[in-house]
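Written out below as structure tokens is the structure these notes cover.
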Amino acid sequence: MYLTKYFLPILKENPSEAQIISHRLMLRSGMIKQSSAGIYSWLPLGLKVLKKIEQIVVEEQIAAGHIPILMPTIQPSELWKESGRLDDYGKEMLRVEDRHGRLMLYGPTNEELVTDIFRTHISSYKDLPKTLFHIQWKFRDEVRPRFGVMRGREFFMKDGYSFDMDKDSAIHAYNRHMITYLRTYERLGLKALPMKADTGPIGGDYSHEFLVLAETGESQVFYDKSVTDLSLGNRHIDYSDQQDVADIVKKFTQPYARTDETHDENLFNKIPIERRLSARGIEVGQIFYFGTKYSNSMGADIVMPNGDRTPVEMGSHGIGVSRLVGALIEANHDELGIIWPASVTPFDAVIINLKQGDEQVERACSQLYEDLILSGFDILYDDRHERVGVKFATMDLIGIPWQIIVGPRDLAEGFLELKFRADGIRRRIPLGEGSDHLVKALRA
RNA sequence: CGGGGCGUGGCGCAGCCUGGUAGCGCGACGGUUUUGGGUACCGUAGGUCGUGAGUUCGAAUCUCGCCGCCCCGACCA
């Protein structure tokens with residue numbers, strides 16, 4: 001993408017409404033624009049990141065055998081009357097009336113809808129287990145939205161719903177989700193710790209939430225340092241192996257890790273003092289097992305092998321996709337701007353032309369651009385007629401991991417410069433034939 | 001929802017106390033500048049000062065209502 005043809009509305013100054021760093025950087029780098037309190041438009045750069053996160057989330061769900069669907073944002077209130085949540089949910093639920101005077105609502109979550117889908121089409125244990133998920137915009141009319149997309153009213157979220165014939169199988173679904181989530185966060189380059197959670201308004205008695213440690217987090221968390229050393233790495237997961245999956249989950253949930261809601265001072269004090277840690281955390285996901293709460297009230301029964309009818313066992317599992325954009329920035333930035341992890345960066349590299357208008361340099365830049373695009377990279381080419389300082393500052397701000405710097409001085413000697421955003425280190429690289437050197441460096 | 005603050009061109013702000021129909025910086029746009037770390041010069045466009053009512057000869061400035069936005073708290077993915 002040639003920058004002069006793109007839409008990247010950079011702000012030089014901090015908008016006064018943004019207090020925390022991720023919110024500021026998202027506004028300044030032209031990722032989002034506020035539409036009203038807690039509601040945002042996603043501009044090109046922000047949308048690319050949002051979609052990349054979404055893609056990773058989807059891939060990990062599919063890898064575990066979970067099935068994508070898409071449910072609507074506007075839901076009929078009748079289903080919520082059935083489950084009993086129409087009154088329970090309170091003012092957080094945005095209610096609207098259609099032209100016929102029928103009460104509708106903008107979904108804050110989808111248990112009712114998915115249960116309705118399930119009960120009309122599935123009625124036998126033979127069709128189980130099944131996990132349906134979707135990634136859709138949700139709306140919760142927060143009293144006080146804040147922190148930009150991290151606590152908006154409208155938010156993009158993956159929510160998955162598991163259906164199983166018995167509790168054993170449902171717990172396996174729960175465990176499976178925990179691993180898919182851990183994998184997802186690892187791919188995003190985030191350290192997210194699973195913590196024993198309160199079940200909140202959705203109800204149930206089995207729940208973990210995932211927290212990214214960051215000073216601006218909204219929750220106080222307490223944990224055993226040993227939990228931060230755990231990671232899945234590249235190990236292969238066989239999701240059908242119930243025992244193996246349970247063992248992995250056990251390893252990750254064994255060490256003490258709780259938010260202030262479930263914190264138990266006595267248990268915490270049993271951890272050796274040098275491993276006893278407390279910090280702030282951003283919640284980026286939560287998983288629940290809640291049994292038959294909805295299947296019971298909504299009549300989602302299945303026929304068991306012995307012919308008995310019984311309410312299906314359910315769980316729900318959510319990852320805040322739009323919130324993750326903010327969380328990622330909270331975890332990856334410096335005083336100059338954002339530093340994107342390679343997995344979600346809006347562009348793989350940017351070509352900075354130090355002397356726009358110079359025929360040689362322009363030719364070299366376009367050639368590099370073509371070569372790198374052909375090699376499969378997503379490249380931004382800063383071809384603006386701007387001072388170099390402006391270009392460097394802009395690219396540091398938007399946080400593209402690699403900056404390919406091309407100027408007449410180095411070019412005359414057959415070199416260009418490659419700068420890594422994260423550490424600022426620049427390397428002089430021979431232009432060579434084509435862009436082999438670059439491709440190698442970018443893939444490293 | 002309780003407490004506090006703010007609403008003046010795209011962004012950041014001044015002017016308001018001591019009423020006399022708007023100003024600065026950045027940005028945008030058009031030129032010149034060909035630049036190795038937030039750009040130099042010239043020029044142009046853009047605001048009925050959130051909104052409604054009131055006071056007054058006259059309101060961005062004073063009074064009241066309403067709306068919006070931000071911060072702290074309670075709440076929340």
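Side-chain atoms are counted along with the backbone in the values below, which use heavy atoms only and exclude waters and symmetry mates. Letters go in sequence order (proteins before strands), and every chain restarts at 1.
No hydrogens or angles were tested; on distance alone, a donor-acceptor pair under 3.5 Å links the side chain of A:Arg151 to the base of B:C76. Residue-to-nucleotide contacts include a donor-acceptor pair under 3.5 Å from the side chain of A:Glu13 to the base of B:G25.
Using C1' as the reference atom, B:A74 and B:C6 are 22 Å apart when rounded to the nearest Å. Straight-line distance between the C1' atoms of B:U44 and B:G5: roughly 37 Å, to the nearest whole Å. Rounded to whole Å, the separation between the P atoms of B:A53 and B:U61 comes to 14 Å. For B:G9 and B:U51, the P atoms lie 10 Å apart once the distance is rounded to whole Å. For the C1' atoms, the distance linking B:C69 with B:A59 amounts to 24 Å, nearest Å. Remark: the separation of the C1' atoms in B:G4 and B:G30 is 46 Å, to the nearest Å. B:G58 and B:C11 have their P atoms separated by 33 Å, given to the nearest Å. One P atom belongs to B:C49, the other to B:G10, and the distance between them is 14 Å to the nearest Å.
Between the side chain of A:Ser83 and the backbone N or O of A:Trp80 there is at least one donor-acceptor pair closer than 3.5 Å. A donor-acceptor contact shorter than 3.5 Å links the side chain of A:Asp383 to the backbone of A:Thr4. Side chain of A:Asp159 to main chain of A:Tyr161: no donor-acceptor pair is present (N/O by atom type, distance under 3.5 Å, no hydrogens or angles).
Rounded to whole Å, atom P of B:U34 lies 15 Å from atom CD of A:Glu362. Summarising the geometry, the separation between CZ on A:Phe288 and C1' on B:C76 is reported as 12 Å, rounded to the nearest angstrom. In this entry the distance linking CD of A:Glu142 with C1' of B:C1 reads 13 Å, nearest Å. Counting to the nearest Å, the C1' atom of B:C11 and the NZ atom of A:Lys33 are 11 Å from each other. In this structure, the CG atom of A:Asp88 is 16 Å from the C1' atom of B:C75, given to the nearest Å. Atom CG of A:Asp383 and atom P of B:U34 are 19 Å apart (whole Å).
A salt bridge between A:Glu330 and A:Arg280 is absent, with no side-chain N of the basic residue lying under 4.0 Å from a carboxylate O of the acidic one. One finds a salt bridge joining A:Asp334 and A:Arg421 here, because a Lys/Arg side-chain nitrogen approaches an Asp/Glu carboxylate oxygen to under 4.0 Å.
In summary, of the residues considered (A:Arg85, A:Lys81, A:Gln75), a side-chain hydrogen bond (donor to acceptor under 3.5 Å, both in side chains) with A:Glu112 occurs for A:Arg85 alone.
Between the side chains of A:Arg384 and A:Thr394, at least one donor N or O sits under 3.5 Å from an acceptor N or O. Side-chain N/O atoms of A:Gln136 and A:Thr73 include no donor and acceptor closer than 3.5 Å.
Closest approach to the A:Arg146 side chain among B:C69, B:C71, B:U35 is made by B:C71 (side chain taken as heavy atoms from C-beta onward). Nearest to the side-chain atoms of A:Ser36 among the listed nucleotides B:G25, B:C69, B:C76 stands B:C69. In this structure, the nucleotide among B:C11, B:C76, B:U34 sitting nearest to the side chain of A:Lys355 is B:U34.
Across all strands shown, B:U56 has no partner, as no Watson-Crick or G-U wobble contact with both distances under 3.5 Å is found. Partner assigned to B:G38 is none, using Watson-Crick or G-U wobble distances below 3.5 angstrom. Across all strands shown, B:C72 is found opposite B:G2 as a Watson-Crick or G-U wobble partner, with both distances under 3.5 Å. With both pairing distances under 3.5 Å, B:G43 is matched to B:C29 as a Watson-Crick or G-U wobble pair. Searching all strands for a Watson-Crick or G-U wobble partner of B:G19 with both distances below 3.5 Å returns nothing. Across all strands shown, B:A14 forms no Watson-Crick or G-U wobble pair with both key distances under 3.5 Å.
A close approach under 4.0 Å does occur between a side-chain nitrogen or oxygen of A:Arg144 and OP1 or OP2 of B:C72.
As judged by a 4.0 angstrom heavy-atom cut-off over every strand, A:Gln19 is placed among residues touching the sugar-phosphate backbone only. Within 4.0 Å (heavy atoms only), A:Gly152 reaches at least one base atom of the nucleic acid.
In this structure, the side chain to side chain contact (heavy atoms under 4.5 Å, CB included) partners of A:Ile425, at least two apart in sequence or on a different chain, are A:Asp423.
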Contact string for nucleotides 36-44 of chain B, one letter per nucleotide 5' to 3', B = base within protein heavy-atom range under 4.0 Å, S = sugar-phosphate only, - = neither, reads BBBB-----
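Between A:Val143 and A:Pro15, the residue anchored closer to the 5' end of RNA chain B is A:Val143, taking for each the nucleotide with the nearest heavy atom.
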